[in-house]
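The structure that follows is given in the form of structure tokens.
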Amino acid sequence: LATFVTDAPVDNEGLGAAFSPTDLVATALGSCMLTIMGIYAKHHDLDLGGTRVQVTKHMAAQPTRRIGRLEVRFRVKALISKQDQSGLIRAAETCPVAKSLHDQIDIETSFDWGQRL
């Protein structure tokens with residue numbers, strides 16, 4: 001049995017003492033995209049060691065409080081060919097979490113290739 005604590009943010013009647021459910025959605029998206037990229041990398045003998053993903057969540061208030069936009073930024077340490085960059089982008093965009101999110105959530109994805117972290 002495992003316990004996982006969540007809390008509403010301060011601006012929504014919570015203490016902000018733990019991840020909110022919408023934080024977990026953002027985290028699930030980033031980790032899912034990176035996982036699917038890892039599967040692509042394994043099949044194409046690529047090393048994605050040191051790759052990082054950062055997801056910034058933007059809430060919308062109208063017509064109801066919800067996630068309005070998720071900015072997903074990847075920093076890929078390794079030097080990757082243009083062909084494999086395209087394959088990794090396609091892989092990330094096909095992750096099950098991304099495909100499960102509502103079309104009203106704007107997902108903006110960017111990649112920094114071959115950057116030292």
Worksheet item: Among pairs that include at least one residue of residues 25-36, which meet salt bridge (charged side-chain N to carboxylate O under 4.0 Å, His left out), considering only residues two or more places apart or in two chains?
Response: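 Residue pairs passing salt bridge (charged side-chain N to carboxylate O under 4.0 Å, His left out), neighbours aside: none found.
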
Fill in: Qualifying salt bridge (charged side-chain N to carboxylate O under 4.0 Å, His left out) pairs with a residue from residues 31-48, counting only residues at least two apart or across chains
none

Worksheet item: Under a single-linkage rule joining Ile, Leu, Val, Met, Phe, Trp and Tyr whose side-chain heavy atoms are separated by less than 4.5 Å, which residues share a cluster with Leu1?
Response: none

Item to complete: Could you list who else is in Val10's hydrophobic cluster, with ILVMFWY side chains joined at under 4.5 Å, directly or through other members?
Response: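 In the cluster with Val10 there is nothing else; it is isolated.
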
Worksheet item: Who else is in the cluster with Ile39 when I, L, V, M, F, W and Y are joined by side-chain contacts under 4.5 Å?
Response: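 ILVMFWY cluster around Ile39 also holds Ile36.
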
Discussion item. With salt bridge (charged side-chain N to carboxylate O under 4.0 Å, His left out) as the rule and sequence neighbours excluded, what pairs involving residues 80-90 come up?
Written reply: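 Applying salt bridge (charged side-chain N to carboxylate O under 4.0 Å, His left out) to every pair that reaches into residues 80-90, excluding sequence neighbours, yields nothing.
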
Do any side-chain atoms of residues 60-70 form donor-acceptor pairs under 3.5 angstrom with protein atoms, and if so which ones, sequence neighbours left out?
residue, atom, partner, partner atom, Å
Arg65, NH2, Asp11, OD1, 3.2
Arg66, NH1, Gln104, O, 3.3
Arg69, NH1, Glu71, OE2, 2.7

Worksheet item: Mind checking whether Met37 and Val53 have side chains closer than 4.5 Å, heavy atoms only?
Response: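 Contact flag for Met37/Val53 side chains = no.
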
Worksheet item: With sequence neighbours excluded, what pairs up with Ala17 under the side chain to side chain contact (heavy atoms under 4.5 Å, CB included) test?
Response: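 If we apply the side chain to side chain contact (heavy atoms under 4.5 Å, CB included) test to Ala17, skipping adjacent residues, the hits are Asp7, Leu15.
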
Worksheet item: Got a second to check how far Thr51's OG1 is from Arg75's CZ, nearest 0.5 Å?
Response: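 Going from OG1 on Thr51 over to CZ on Arg75, the span is 12.0 Å.
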
Side-chain atoms of residues 18-29: list all donor-acceptor pairs with protein atoms under 3.5 Å, sequence neighbours left out, distances to 0.1 Å.
residue, atom, partner, partner atom, Å
Ser20, OG, Thr22, N, 3.4
Ser20, OG, Thr22, OG1, 3.1
Ser20, OG, Asp23, N, 3.1
Ser20, OG, Asp23, OD1, 3.4
Ser20, OG, Asp23, OD2, 3.2
Thr22, OG1, Lys57, NZ, 2.8
Asp23, OD1, Lys57, NZ, 2.6
Asp23, OD2, Ser20, N, 3.0
Thr27, OG1, Asp23, O, 2.9

Practice prompt. Return the set of residues passing ring pair (Phe, Tyr, Trp, His ring centres under 6.0 Å) with His44 (not counting sequence neighbours), or none when no residue passes.
Written response: Tyr40

Worksheet item: Which residue pairs pass the salt bridge (charged side-chain N to carboxylate O under 4.0 Å, His left out) test when at least one of the two sits in residues 27-40, sequence neighbours left out?
Response: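 Every pair satisfying salt bridge (charged side-chain N to carboxylate O under 4.0 Å, His left out) with a residue in residues 27-40: there are none.
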
Worksheet item: What pairs with Phe74 under ring pair (Phe, Tyr, Trp, His ring centres under 6.0 Å), at least two apart in sequence or on another chain?
Response: Phe111

Worksheet item: Heavy-atom distance under 4.5 Å between the side chains of Leu48 and Leu88, does that happen here?
Response: yes

Worksheet item: Minimum heavy-atom separation for Cys95 to Met33, with atom names?
Response: SG-CG, 3.6 Å

